Number of protein chains: 2
Amino acid sequence: MAEATIRDVASRAQVSVASVSRVLNGFEKVSQETRERVTEAVAALGYVPHAAARSLSMARTHSIGVVLPDLHGEFFSEIVRGMDRVASERGYLLLLASLHAGSPLGTSALRALRGRVDGALVMAPHLSEEELAATLPPGVPIVLLNTRGQQGRHPAISLDNAAGARAIAEHLLALDRKRVVHIAGPPGNADAQERAQAFAARVTEGHGVTLQTVEGDFSERSGEVAVTALLTSQEPFDAVFAANDNMAIGALQALRQAGRQVPEAVAVAGFDDIPMARHLGLTTVQVRIAELGEFGLSELLDTVEGRGMPPASTLHPVELVVRATTGQA
Amino acid sequence: MAEATIRDVASRAQVSVASVSRVLNGFEKVSQETRERVTEAVAALGYVPHAAARSLSMARTHSIGVVLPDLHGEFFSEIVRGMDRVASERGYLLLLASLHAGSPLGTSALRALRGRVDGALVMAPHLSEEELAATLPPGVPIVLLNTRGQQGRHPAISLDNAAGARAIAEHLLALDRKRVVHIAGPPGNADAQERAQAFAARVTEGHGVTLQTVEGDFSERSGEVAVTALLTSQEPFDAVFAANDNMAIGALQALRQAGRQVPEAVAVAGFDDIPMARHLGLTTVQVRIAELGEFGLSELLDTVEGRGMPPASTLHPVELVVRATTGQA
DNA sequence: ACGCAGTGTGTAACCGGTTACATGTCTCAA
DNA sequence: TTGAGACATGTAACCGGTTACACACTGCGT
């Protein structure tokens with residue numbers, strides 16, 4: 001037996017489909033009698049409305065597309081948790097569309113969002129503006145998260161990477177560190193670029209301070225490798241700022257293995273404040289990731305529901321958190 | 001200007017909608033000329049097929065519902081990562097439906113999956129069989145993950161909790177621990193129950209071994225609280241097995257604060273092998289969570305695509321990982 | 001000449017809802 | 001008695017695709 005449709009319900013309740021629809025959607029003008037008959041039939045048949053059909057005729061899906069790069073770990077789960085909170089509060093479901101690096105399939109998958117979602121939250125810090133424009137489905141409201149904006153084509157919400165990196169720079173300068181190393185993130189990544197640039201700008205304002213920047217890829221392993229290379233190069237340094245916590249943790253391991261004291265010989269700082277940072281006493285920049293997700297989705301839903309356009313661009317604040325790896329042991 | 005429809009494309013290309021549809025779906029019997037005209041029109045209009053309309057007429061959505069409890073952290077991101085891998089490989093999108101504890105909305109949200117997904121992966125270790133039956137949408141293929149099965153109504157894939165707990169028990173017995181504590185998970189949770197039960201069964205086979213079980217809720221905090229209470233109660237113990245790593249980490253903190261040596265005075269073990277466990281040297285049971293997600297989704301897609309029913313029930317293997325908190329310091 | 005098979009295309013029904021509009025009934029005032 | 005107005009209900013068009021079926025055209029064998 002196939003699934004019951006609204007017409008099955010109508011014929012069992014001896015009313016028209018219009019009446020069934022009205023009862024189901026809580027429309028006022030329905031007699032008590034009709035309401036009861038319909039309710040009974042719905043229960044008896046175990047009827048559940050068909051979402052695709054409803055979407056088609058109402059042009060609303062009550063789903064929001066979430067487009068994310070190949071994320072792992074805390075960052076992913078936190079941002080989704082924030083979005084999920086808002087989504088379930090406001091009656092939406094989240095449709096996940098991961099953007100696997102270099103997958104041509106990913107692009108077409110995105111366009112397939114048309115007719116499936118009422119809007120999309122897009123986080124793609126590794127895409128250029130042109131790639132982005134070519135990838136996004138047309139006619140779907142978009143909010144960009146942490147992604148290069150398209151000069152006002154879509155509202156964008158970004159982390160205040162510059163402020164965070166500057167705060168770390170100032171902190172290290174205040175500690176009187178002179179030979180500073182920055183382990184940067186992948187070159188194509190917008191967050192990584194902003195952090196590196198702001199950090200360099202501020203740190204080189206210090207008197208007699210040298211800065212050396214090496215490249216990583218945001219993985220713990222790459223942080224470890226980078227520091228090991230520096231150690232063997234004999235190049236002296238007394239502070240390391242990694243573009244994210246993962247790499248900072250890798251750096252800590254390399255230093256520990258080499259017997260360098262942290263923070264006495266080398267101060268270490270990261271970015272993100274993942275839970276592990278707290279356990280390891282890592283100085284870092286706290287990013288309220290879940291809040292970023294919440295805020296992004298709220299803004300998007302506001303525009304989807306027509307409650308006015310959000311401002312073109314917002315910076316999400318971050319906060320310096322000083323812990324043992326730069327403070328007292 | 002509204003979005004282009006297939007009829008707009010048809011009229012611009014001077015062909016019928018049927019031909020457009022055939023071209024778009026790579027149907028063979030189309031003349032070269034028609035194909036070109038349609039391709040041109042599609043490009044010119046920026047046409048993208050409307051997913052809801054397609055779903056409705058084809059009765060396929062190419063989406064899979066993922067129903068998860070209020071998860072945070074690694075467990076969530078890992079399981080989703082595994083599913084996502086399979087999903088994008090096989091051309092599906094994931095629709096996330098979190099089951100917030102005690103939210104009546106959650107239930108109705110689940111039924112709303114009808115017409116939106118081709119099947120659902122359901123993980124709800126806190127629901128009873130009856131609750132589950134009342135919550136699931138009818139007529140949608142389901143695979144249960146780590147959830148009390150409904151005696152064969154749906155295929156189920158579960159962690160081999162019993163094997164993991166037994167392995168920990170044997171390990172502790174081999175270390176000659178005599179006064180063992182188990183910090184259990186929430187009482188309504190199926191995983192927690194299985195772990196507690198199997199652990200108790202095996203550990204009490206040891207000669208002259210006592211077991212004390214206290215209750216936690218899977219949070220780090222609750223592990224800390226439990227151990228602190230035990231310490232102040234003066235009750236002696238030389239081993240702690242927490243039902244998950246989070247609680248084990250809390251336990252470690254409480255022990256460290258009290259100055260108890262780990263593993264000399266008290267051996268500590270957890271369950272899950274979250275990344276932090278490796279960093280802290282926590283002995284635990286490794287669960288390949290991403291694999292669980294991959295496997296679950298593969299099985300589900302097989303049944304959705306009619307490649308035969310998976311076995312009614314599968315146990316996902318786990319593995320003991322011995323580290324510093326029970327081994328040599 | 002005819003029938004027949006094969007090929008490409010178009011027409012229209014259908015998927016399962018929503019909803020504008022028409023219809024029917026009832027009440028009450030003129 | 002009649003007509004207006006309020007109200008509940010039903011009919012059918014519509015959302016945007018897919019596809020069964022009908023049709024027209026071609027080239028072939030007899």
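Quick caveat: nothing in here was measured; it's all calculated off a predicted structure. Order of the sequence lines fixes the chain letters, A, B, ..., with proteins taken first and strands second; residue numbering starts at 1 for each chain.
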Starting from C1' on D:dT19, measure out to CG on B:Asn25 and report it in whole angstrom.
11 Å
Non-hydrogen atoms of B:Arg148 and B:His126 that approach each other most closely:
NH1-C, 4.4 Å
Testing D:dA12, D:dT9, D:dG17 for proximity to the side chain of A:Val30, the answer is D:dT9
5'-most contact on DNA chain D: B:Arg22 or B:Ala52, nearest heavy atom basis?
B:Ala52
Remember a base hit wins even if backbone is also touched, and classify A:Val17 as base, sugar-phosphate or nothing at under 4.0 Å, heavy atoms.
base
A:Arg54 CZ to C:dT18 P: how many Å, rounded?
5 Å
Output the rounded distance in Å from CD1 (A:Ile6) to P (D:dT11).
14 Å
Between C:dC14 atom C1' and A:His50 atom NE2, what is the distance in whole Å?
13 Å
Closest-nucleotide 5' rank along DNA chain C - winner of B:Ser31 and A:Leu24:
B:Ser31
B:Asp84 and A:Ser98: side-chain donor and acceptor closer than 3.5 Å?
yes
So, OP1 or OP2 of D:dC15: does either fall under 4.0 Å of a side-chain N or O from B:Thr5?
no
Gap between atoms NZ and C1', on A:Lys29 and C:dC26 respectively (whole Å):
15 Å
Can you check the B:Phe27 CZ to D:dG17 P distance for me, whole Å?
19 Å
D:dG17 OP1/OP2 closer than 4.0 Å to side-chain N/O of A:Arg114:
yes
Check the angle between the aromatic planes of A:His62 and A:Tyr92 and answer parallel, tilted or perpendicular using the 30° and 60° thresholds.
tilted
To the nearest Å, give me how far apart CD (A:Gln32) and C1' (D:dT9) are.
16 Å
Between the side chain of B:Ser19 and the main-chain N/O of B:Val15, is any donor-acceptor distance below 3.5 Å?
no
Within the modelled atom types, does a donor on one side and an acceptor on the other bring the side chain of B:Arg35 and the base of C:dG8 under 3.5 Å apart?
no
Gap between atoms OH and P, on A:Tyr47 and C:dG16 respectively (whole Å):
10 Å
side-chain N/O B:Thr34 vs C:dT9 OP1/OP2, d < 4.0 Å:
yes
N/O (side chain, A:Ser19) to phosphate O (OP1/OP2, D:dT9) under 4.0 Å:
no
Are any of the side-chain nitrogens in B:Arg85 or B:Glu89 under 4.0 Å away from the carboxylate oxygens of its partner?
no
Are OP1 or OP2 of C:dG16 and a side-chain N or O of A:Ser57 less than 4.0 angstrom apart?
no
